[in-house]
Amino acid sequence: MKKQTTTLYIVCSTLFLSLFTGCSKDFEQINTDPTQLSQGTFKYEYLFTTAQLYANGNPDGYANGMFQSSMSYASTMMQHLSATNPVWYGDKYIYNANYNGSYWTMFYGSGIKAVVDVVENSKDKPEKNNLYNTARILRAWYFQQMTDIYGDVPYSEAGLGFTQGKTNPKYDDQQSIYNGLLAELEDAASKLNADPAANTLKSADLFYQGDVAKWKKFAYSEMLRLALRLSKVDAPTGSNWAKKAVAGGLMQSNDDNALVPHEDQNTRPPSNPVGLILHSREPNSYRLSKTFVDFLKANNDPRLGYFGAVITDPTNTADFGNENPAVQMGQPNGYDKTGGPKDISTAPGYPGDQNKYSVVNRHTFARENAPSFILTYAETQLLLAEAAQRGWVTGTASTFYNQGVMAAILQLNQTGANISDGTASAYATAHPLVANTALQQINEQYWVATFSDWLETWSNWRRSGFPVLTPVNYQGNSTNGTIPRRFVYPLDEASVNPANYSAAAGKIAGGDKLTSRVWWDKQ
């Protein structure tokens with residue numbers, strides 16, 4: 001699979017670039033010469049592969065999209081990681097236009113463009129039914145990411161510049177986007193064809209090799225995620241969609257996890273962008289957060305030694321350090337290395353050496369060939385536990401919770417850990433769900449379970465309010481010492497799509513700021 005991933009990336013990227021180069025150069029010749037690439041000869045299954053690779057935030061050799069938005073901002077805002085390096089802006093809630101807009105640029109410029117093109121060029125082709133509907137499901141996931149981060153975004157007209165000439169797409173309001181995503185997931189899942197002969201994706205599908213049963217579970221699990229997002233703003237609608245998700249069929253085990261496989265290339269998209277940054281590009285710029293490590297220690301969590309390691313010199317990338325849970329120590333958020341009043345050496349309990357704070361374990365998440373988690377069984381079970389606790393679905397919240405906690409522990413084995421079923425079961429037994437703290441417990445475990453998928457961590461925290469995080473108040477911050485609630489629109493939108501940008505920005509209560517809230521993030 002690893003070698004195949006690279007091969008498919010090279011093939012699909014070459015074809016993708018050839019197609020779009022041909023659209024602007026020697027158009028007539030290419031579209032009349034049967035030896036040249038055309039829409040009729042282009043294999044859109046490989047473009048689907050490209051869209052999956054871009055889903056983990058790494059369309060370039062430097063993993064800028066993943067680093068600038070998910071890691072620099074979300075991982076530190078959510079206090080999984082802590083950083084004294086000033087370009088990890090989320091640690092101090094400081095606005096940086098390029099970093100805040102990087103996911104927008106990456107997803108609209110690469111991933112959404114690719115997946116929308118697959119949808120547009122496979123619709124109305126019965127022989128491509130599964131490609132079409134699988135791409136619709138992936139497209140829904142993409143737009144869920146974008147609207148959760150920014151609020152109102154281009155949706156109905158996005159990605160249609162080439163096929164329909166919509167180069168200045170309108171911004172749809174988030175409520176209508178959610179309605180559209182939920183309806184599309186339901187429709188696309190219902191139209192997948194289980195006949196093996198209908199599987200044109202096969203190895204071009206990095207998640208499931210075209211397995212329709214697994215894609216249906218993905219679609220309904222994504223539907224459940226969207227349904228729970230409505231808990232503060234429209235609980236009746238959320239409840240209805242949660243019931244539909246359960247009826248459709250959710251993920252049943254960690255074997256259903258949607259993962260992007262990676263190779264240890266140390267530069268190109270086949271590498272895991274999180275591992276690339278934490279191990280090779282920024283090995284000494286961050287540490288595990290004190291908030292995260294203290295939570296794991298307080299609960300005697302068996303994952304601690306697989307999340308962290310203490311390394312004498314993190315720049316020595318060949319050193320895997322000390323993984324003993326007893327020595328792990330988290331670095332507090334909100335400090336720098338400037339020698340001033342917020343220098344890390346002034347932090348309470350400073351151990352005398354910054355390298356005594358833990359980095360991310362290099363056997364699990366901080367390696368270039370670790371898989372990227374897109375959507376998991378553990379998340380699904382924890383969301384199901386909350387839905388049951390709210391009375392939205394039938395079933396016992398404590399049962400779903402236990403299954404979610406155990407799955408979240410055992411999914412670390414997919415990164416290289418070695419945790420037994422007995423260990424996971426013992427932890428769940430020792431930490432049962434308690435009715436009067438159920439929502440807090442469920443969402444604290446979701447916080448742990450989504451480690452490395454930090455934009456999802458942030459979205460669920462904004463929705464649920466858990467875990468209760470103590471904000472930092474660093475001098476010169478952009479939020480008056482409060483954790484950001486959304487990303488600001490990219491600056492270039494004001495020049496490339498001015499009318500639609502202005503209309504969207506003008507609708508935001510409080511303005512286009514980090515402190516404003518998206519529609520479902522009701523105060």
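Hydrogens, waters and symmetry mates play no part in the numbers below; they use all other heavy atoms, side chains included.
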Asker: Do the side chain of Arg463 and the main chain of Asp521 share a donor and acceptor less than 3.5 angstrom apart?
Answerer: no
Asker: Locate the shortest heavy-atom distance separating Asn130 from Ala198; write the atom from each residue and the value.
Answerer: ND2-O, 3.5 Å
Asker: Short question: side chain of Ser253, backbone of Asp255 - any donor-acceptor pair under 3.5 Å?
Answerer: yes
Asker: Any side-chain heavy atom of Tyr54 sitting closer than 4.5 Å to one from Ser110?
Answerer: yes
Asker: If you take all heavy atoms of Ala242 and Ala227, which pair is closest and at what distance?
Answerer: N-CB, 3.7 Å
Asker: Checking the side chain of Gln328 only, and the main-chain atoms of Ala309 only, is there a donor and an acceptor separated by less than 3.5 Å?
Answerer: yes
Asker: Check the pair Gln144, Arg225 against side chain to side chain donor-acceptor pair (under 3.5 Å), reporting the backbone distance first and the verdict last.
Answerer: CA-CA 10 Å; Gln144 173 246 308; Arg225 176 192 278 184; 3.1 Å; yes
Asker: Between atom OG1 of Thr50 and atom NZ of Lys113, what is the distance when rounded to the nearest 0.5 Å?
Answerer: 12.5 Å
Asker: Using the ring-ring contact (aromatic ring centres under 6.0 Å, His included) rule, pick out the option among Tyr286, Phe292, Tyr73 that qualifies with His80.
Answerer: Phe292
Asker: Given Ser156 and Asp172, is the side chain to side chain donor-acceptor pair (under 3.5 Å) satisfied, shown in steps?
Answerer: CA-CA 7 Å; Ser156 59; Asp172 298 90; 3.1 Å; yes
Asker: Taking the six-membered ring for Trp, is the centroid-to-centroid distance between His363 and Phe320 below 6.0 Å?
Answerer: yes
Asker: Which class fits the ring pair Phe295 and Trp447: parallel under 30°, tilted 30 to 60°, perpendicular over 60°?
Answerer: perpendicular
Asker: Between Tyr103 and Phe487, does the ring centroid distance fall short of 6.0 Å?
Answerer: no
Asker: Should the ring pair Phe451 and Trp454 be called parallel, tilted or perpendicular, given that the plane angle runs from 0 to 90° and is split at 30 and 60?
Answerer: perpendicular
Asker: Got a donor-acceptor contact below 3.5 angstrom from the His431 side chain to the Asn299 backbone?
Answerer: yes
Asker: Any sub-3.5 Å donor-acceptor pair from Trp461's side-chain atoms to Pro467's backbone N or O?
Answerer: yes
Asker: Tell me if the CG atom of Asn300 is crowded by more than 12 foreign heavy atoms within 6.0 Å.
Answerer: no
Asker: Within the structure provided, determine whether Leu250 and Tyr377 are in side-chain contact (heavy-atom separation under 4.5 Å).
Answerer: no
Asker: Which heavy atom of Ala188 sits nearest to which heavy atom of Arg136, and what is that distance?
Answerer: CA-NH1, 3.7 Å
Asker: Any donor-acceptor pair under 3.5 Å linking the side chain of Ser425 with the backbone of Asp421?
Answerer: no
Asker: Just jot down the side chain to side chain donor-acceptor pair (under 3.5 Å) partners of Thr376, sequence neighbours excluded, or say none.
Answerer: Glu379
Asker: What I'd like to find out is whether the side chain of Val274 reaches to under 4.5 Å of the side chain of Phe67, using heavy atoms alone.
Answerer: no
Asker: Apply side chain to side chain donor-acceptor pair (under 3.5 Å) to residues Gln79 and Ser289 and explain how you reach the verdict.
Answerer: CA-CA 5 Å; Gln79 298 178 19; Ser289 171; 4.7 Å; no
Asker: Less than 4.5 Å apart, side chain to side chain, heavy atoms only: is that true for Phe48 and Thr134?
Answerer: yes
Asker: Look only at the side chain of Thr457 and the backbone of Asp453, and say whether a donor-acceptor pair between them is shorter than 3.5 Å.
Answerer: yes
Asker: Could you label the plane-to-plane angle of the Tyr208 and Trp215 rings as parallel, tilted or perpendicular, counting under 30° as parallel and over 60° as perpendicular?
Answerer: perpendicular
Asker: Is there a donor-acceptor pair closer than 3.5 Å between any side-chain N or O of Thr364 and the backbone N or O of Tyr306?
Answerer: yes
Asker: Report the C-alpha separation of Thr105 and Ser102 in whole Å, then their side-chain angles, then the decisive distance to 0.1 Å, and conclude whether the side chain to side chain donor-acceptor pair (under 3.5 Å) test is met.
Answerer: CA-CA 5 Å; Thr105 301; Ser102 67; over 6 Å; no
Asker: To the closest 0.5 Å, what do you measure between CG (Asp187) and CG (Asn133)?
Answerer: 7.0 Å
Asker: Strictly distance-based, threshold 3.5 Å: is any side-chain N or O of Arg229 a donor or acceptor partner for the main-chain N or O of Tyr178?
Answerer: no
Asker: So, do Tyr99 and Trp88 have ring centers that fall under 6.0 Å from each other?
Answerer: no
Asker: Can a donor-acceptor pair be found, under 3.5 Å and without considering hydrogens, that links the side chain of Asn443 to the backbone of Tyr446?
Answerer: no
Asker: Hey, could you give me the OG/CZ distance between Ser271 and Arg367, rounded to the nearest 0.5 Å?
Answerer: 11.5 Å
Asker: Any Lys/Arg nitrogen of Lys202 or Glu45 sitting under 4.0 Å from an Asp/Glu carboxylate oxygen of the other?
Answerer: no
Asker: Does Lys290 NZ have over 12 foreign heavy atoms under 6.0 Å away?
Answerer: no
Asker: So how far is it from Gln411 CD to Leu259 CG, rounded to the nearest 0.5 Å?
Answerer: 8.5 Å
Asker: Rounded at 0.5 Å granularity, tell me how far CD in Gln381 sits from CD in Glu386.
Answerer: 13.5 Å
